[in-house]
2 protein chains.
Amino acid sequence: MKETLNLNAQAVLEAVHTAPSHPTALQIYETVKHTRPHIGLATVYRILHLLVGQQYIKELRYSDESCRYDAKTARHDHAVCMACGGLFDLPVAVDLPHEALEHAAQTVGMQLASHEVRLYGYCPSCQQQNH
Amino acid sequence: MKETLNLNAQAVLEAVHTAPSHPTALQIYETVKHTRPHIGLATVYRILHLLVGQQYIKELRYSDESCRYDAKTARHDHAVCMACGGLFDLPVAVDLPHEALEHAAQTVGMQLASHEVRLYGYCPSCQQQNH
DNA sequence: ATGGGTGCAAATCCTTTGCATCTGC
DNA sequence: GCAGATGCAAAGGATTTGCACCCAT
């Protein structure tokens, strides 16, 4: 299914994997330029779409900022800070009975493929600031 | 807490409420122009932010399209069609034990305020097309 | 020589902002 | 007359596209 990636694509994929959290296209571009100085931002975008299409990575969208990318393709949940907008991976899945999901999906006739839980609240550093 | 809304703001709020699903700013603008022909798109955006800030409505972001608005401010869950990108409100909340949420929130030190479940799958009409 | 991949710049889309004007008080 | 709201047009930021070029086949 997955085809071989050329050098640019490998560099982009590695940048997503090594990024501290969920990088934007621009951050990825800056990182990739270290190893591939000639690469253009448009190419980074083209490769990101390719990688998403082939399920190497996932695309994330939240708050009003730009699109972010996630190297963790396995199903997992997120927490969003309502103060700083930060997005955090939850290390453990929220325990959710499968029947409850199926039941909810059936109410709108949806054929269920996956799901995600998003927690909203205040992250540790934002809690301190407003103590 | 909530202040009185002027005529433009009332028209925008009503447009969000009467829209079939989750309208974009542009769709709201088109609707509002029927009753307030002089209104500008910038004003619609300004009012939408105001209404979000005062919790009259909620802002939604998903897929790669533009921002959408939701008249339903009470907590509820959504289903996203992976084929057509459609977003559907779930009429019933996904049954999720509160302890599970709190536990998940604690793993990242987050002070929990709210949450949302997102189901991903295929909506009825998209199921038919790919039968 | 051919085709896919690429860099660059221009274009596009959504959203925000600057500013002069208008409105109600 | 003032403060806040507004319309318009221009600016801004993220992403996409057009196109000529380059490289490996």
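If you're wondering where the values come from, they're calculated on a predicted model, not measured in any experiment. Letters go in sequence order (proteins before strands), and every chain restarts at 1.
Within the structure, every side-chain polar atom (N or O) of B:His49 is placed at least 4.0 Å from both OP1 and OP2 of C:dT15. Phosphate contact (OP1/OP2 of C:dT6, side-chain N/O of A:Asn6, threshold under 4.0 Å): present. Listed pair A:Tyr45 / D:dT16 fails the phosphate criterion, with no side-chain N or O lying under 4.0 Å from OP1 or OP2. Taking 4.0 angstrom as the limit, A:Asn8 places none of its side-chain polar atoms (N or O) nearer than this to OP1 or OP2 of C:dG5.
Taking atom CZ of B:Arg68 as the reference point, atom P of C:dT15 lies 10 Å away to the nearest angstrom. Counting to the nearest Å, the C1' atom of D:dT6 and the CD1 atom of B:Ile47 are 9 Å from each other. Atom CG in A:Leu41 sits about 8 Å away from atom C1' in D:dT15, given to the nearest Å.
Nearer the 5' end of DNA chain D, as judged by each residue's closest nucleotide, is the contact made by B:Thr43, out of A:Ala25 and B:Thr43.
At a cut-off of 3.5 angstrom, the base of D:dG7 holds no donor-acceptor pair with the side chain of B:Arg36.
A:Cys67 is not listed as a side-chain neighbour of A:Leu60, based on a closest heavy-atom distance of 4.5 Å or more. Looking at B:Phe88 and A:Met110, their side chains come closer than 4.5 Å, going by heavy atoms from C-beta outward. Within the 4.5 Å cutoff, side-chain heavy atoms of B:Arg36 are placed close to those of B:Leu7.
Comparing D:dC19, C:dC19, C:dT15 by their nearest atom to the side chain of A:Arg46 picks out D:dC19. Considering only the side chain of A:His38, C:dG7 comes nearest among C:dT15, C:dT17, C:dG7. When the nucleotides D:dT17, D:dT15, C:dT15 are ranked by their closest atom to the side chain of A:Ala42, D:dT17 comes out on top.
Residue-level contact check: A:Ile39 touches the backbone only, with heavy atoms under 4.0 Å from sugar-phosphate atoms and none from bases.
Dense packing is recorded around CD of B:Glu116, with more than 12 heavy atoms of other residues, nucleotides or ligands lying under 6.0 Å away.
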